[in-house]
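Taking it in order: structure first as structure tokens, then the write-up.
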Amino acid sequence: QKNPGLKFDNKVAVITGGSSELSKKLAVELAKRGAQIVLNDQKNAGELDDVINQIKHSEGEAVSSFIPLENSQNIIRQALDTYGKIDLLINNIEDYNENEITETSDAD
């Protein structure tokens with residue numbers, strides 16, 4: 001059940017895995033509730049731009065981030081440079097091992 005009273009006005013959310021359906025829905029919903037969004041992905045720039053445009057069209061604030069996760073400190077720096085703070089960090093990276101569990105080592 002949706003809580004219409006829950007607001008995120010003046011909150012900054014950094015969301016990784018931005019082209020996943022969950023991340024896209026989170027970004028749009030948080031923006032509707034007043035959050036400023038930094039949406040990061042390194043796979044699909046087109047989908048990320050679509051979400052950013054959807055948020056901006058609805059008078060929300062959002063920026064896209066195409067910074068590889070190996071440089072995650074730069075994702076944080078982008079959020080701080082753009083909005084001055086971070087209130088929420090949602091790590092939704094789709095990183096998985098395609099091997100069968102029996103073929104997976106301890107290092108995996």
Side-chain angles (χ1 to χ4, degrees):
Q1 181 175 338
K2 195 173 188 178
N3 181 351
L6 188 59
K7 296 289 184 187
F8 291 90
D9 294 338
N10 301 313
K11 301 295 183 190
V12 176
V14 175
I15 304 172
T16 63
S19 65
S20 76
E21 288 303 313
L22 178 60
S23 290
K24 290 189 281 191
K25 289 179 181 181
L26 282 168
V28 170
E29 188 61 31
L30 286 169
K32 283 181 186 176
R33 293 173 181 249
Q36 299 159 314
I37 307 297
V38 177
L39 191 59
N40 175 269
D41 196 82
Q42 45 189 341
K43 294 180 185 176
N44 195 329
E47 282 187 40
L48 202 59
D49 287 340
D50 289 345
V51 176
I52 298 299
N53 290 334
Q54 179 183 352
I55 291 170
K56 288 181 176 179
H57 187 324
S58 300
E59 299 182 17
E61 291 185 51
V63 295
S64 57
S65 169
F66 299 106
I67 299 169
L69 291 174
E70 297 80 40
N71 299 319
S72 58
Q73 70 275 10
N74 292 332
I75 300 167
I76 300 305
R77 175 63 41 213
Q78 180 185 9
L80 294 173
D81 289 348
T82 303
Y83 296 116
K85 64 178 184 169
I86 297 170
D87 298 292
L88 303 164
L89 175 60
I90 301 171
N91 185 14
N92 187 41
I93 301 164
E94 295 177 355
D95 187 16
Y96 60 91
N97 187 332
E98 295 182 15
N99 294 331
E100 292 289 329
I101 192 73
T102 57
E103 299 173 15
T104 304
S105 71
D106 288 341
D108 292 332

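- Between L30 and A13, the closest heavy-atom pair is CD1-CB, 4.0 Å.
- In this structure, V51 and A27 approach most closely via the heavy-atom pair CG1-CB, 4.2 Å.
- Heavy atoms of other residues, nucleotides or ligands lying less than 6.0 angstrom from CD of E59 number 12 at most.
- Within 6.0 Å of the CG atom in N10, the count of heavy atoms belonging to other residues, nucleotides or ligands does not exceed 12.
- Proximity of a side-chain donor or acceptor of N40 to a complementary backbone N or O of I67 within less than 3.5 Å is detected.
- Shown here for S19 and N44, the closest heavy-atom pair between the two residues is CB-CB, 3.9 Å.
- By the 4.5 Å heavy-atom criterion applied to side chains, R33 and E29 are counted as neighbours.
- Judged purely by distance below 3.5 Å, without hydrogens or angles, the side chains of N91 and T16 pair a donor atom with an acceptor atom.
- A distance-only check finds a donor-acceptor pair linking the side chain of S23 to the backbone of G17 [under 3.5 Å].
- Heavy atoms only, all atoms of each residue included: D87 and K85 are closest at OD2-CE, 3.1 Å.
- For the atom pair Q78 CD and T82 OG1, the distance stands at 5.0 Å (nearest 0.5 Å).
- Residue L26 holds its CG atom at 8.0 Å from OG of S20, rounded to the nearest 0.5 Å.
- Taking CG of N92 as the start and NZ of K24 as the end, the distance is 11.5 Å to the nearest 0.5 Å.
- In this structure, Q36 contributes its side chain and A79 its backbone to no donor-acceptor pair below 3.5 Å.
- Counting heavy atoms from C-beta on, the side chains of V63 and I52 never come closer than 4.5 Å.
- Taking each heavy atom of K43 and D41 in turn, the nearest pair found is N-OD2, 2.7 Å.
- A heavy-atom distance below 4.5 Å is not found between the side chains of I15 and L88.
- Of all non-hydrogen atoms in L39 and G18, the two that sit nearest each other are CD1-CA, 3.6 Å.
- Atom NE2 of H57 sits about 12.5 Å away from atom CG of D50, to the nearest 0.5 Å.
- With values rounded to the nearest 0.5 angstrom, N53 atom CG is found 10.5 Å from S58 atom OG.
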